[in-house]
Amino acid sequence: ISAGILSSYWLRVSANSVAITLIIGLLISLVLLSWITRHLRKVLHAVEEFKEGNLHVRVPLTESDSDLALLGKTFNSMADRILTNIEDLK
């Protein structure tokens, strides 16, 4: 086997490895992006409903310690506090 053929073979193997790694990275990124946007849409829906006067709407929570779960918990806490304050004023 000549050095040129061996070098060409390793170049193709390296290029294929890089391409496969990029495709896997892209797929993982798309899955994560889908997960994040799905949870953000839930929070956005609750905020819109609350803005329109539905003071009983809450963000569905998951058993997670993620920042998005914390955002949902914080929104629900805020909504509970506002509802309590309104009831106290009556």
Side-chain angles (χ1 to χ4, degrees):
I1 300 177
S2 72
I5 293 174
L6 193 56
S7 175
S8 175
Y9 169 76
W10 284 113
L11 185 61
R12 284 193 316 269
V13 167
S14 296
N16 288 339
S17 296
V18 168
I20 290 170
T21 302
L22 288 173
I23 289 170
I24 290 171
L26 178 64
L27 291 175
I28 290 171
S29 297
L30 289 173
V31 167
L32 288 174
L33 182 62
S34 172
W35 181 83
I36 290 170
T37 56
R38 182 176 53 243
H39 291 300
L40 281 175
R41 281 190 200 115
K42 289 178 183 177
V43 174
L44 181 60
H45 174 73
V47 169
E48 289 289 329
E49 286 285 316
F50 198 85
K51 180 186 84 171
E52 294 299 321
N54 180 0
L55 302 182
H56 297 283
V57 68
R58 298 296 181 269
V59 176
L61 298 177
T62 60
E63 295 297 321
S64 172
D65 291 331
S66 72
D67 290 339
L68 290 172
L70 179 60
L71 178 62
K73 289 175 189 174
T74 302
F75 173 83
N76 290 348
S77 249
M78 177 201 69
D80 290 338
R81 169 99 26 115
I82 289 172
L83 200 55
T84 299
N85 289 344
I86 289 171
E87 291 300 320
D88 288 347
L89 289 172
K90 288 183 178 179

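- Looking only at side-chain heavy atoms (C-beta outward), Glu48 and His45 stay at 4.5 Å or farther from each other.
- Residues Ile23 and Val31 fall into different hydrophobic clusters, defined by Ile, Leu, Val, Met, Phe, Trp and Tyr side chains chained together at heavy-atom separations under 4.5 Å.
- Looking at Ser17, its side chain does come within 3.5 Å of a backbone N or O of Val13 through a donor-acceptor pair.
- The line from CE of Met78 to CG of Leu83 is 11.0 Å long, rounded to the nearest 0.5 Å.
- Residues Leu44 and Phe75 do not share a hydrophobic cluster, clusters being chains of Ile/Leu/Val/Met/Phe/Trp/Tyr side chains in contact below 4.5 Å.
- A donor-acceptor contact shorter than 3.5 Å is absent between the side chain of Asn76 and the backbone of Arg58.
- Within 6.0 Å of CG on Asp65 lie no more than 12 heavy atoms contributed by other residues, nucleotides or ligands.
- Counted within 6.0 Å of CZ on Arg81, heavy atoms from surrounding residues, nucleotides or ligands total 12 or fewer; the atom is thus considered open.
- A 4.5 Å side-chain heavy-atom check between Ile36 and Leu40 finds at least one atom pair inside the cut-off.
- Within the model, atoms CG of Leu61 and NZ of Lys42 stand 9.5 Å from one another, a figure rounded to the nearest 0.5 Å.
- Linking Ile, Leu, Val, Met, Phe, Trp and Tyr residues whenever their side-chain heavy atoms come within less than 4.5 Å leaves Leu33 and Leu68 in two separate clusters.
- To the nearest 0.5 Å, the span separating OG1 on Thr37 from CG on Leu32 amounts to 10.5 Å.
- Considering every non-hydrogen atom in both Ser64 and Ser66, the closest pair reads OG-N, 3.1 Å.
- The closest side-chain heavy-atom distance from Leu26 to Leu22 is not below 4.5 Å.
- Within a 6.0 Å sphere centred on CG of Asn16, other residues, nucleotides and ligands contribute more than 12 heavy atoms.
- Neither Val59 nor Leu70 shares a network with the other; the hydrophobic side chains, linked directly or stepwise wherever heavy atoms of I, L, V, M, F, W or Y lie under 4.5 Å apart, form separate groups for each.
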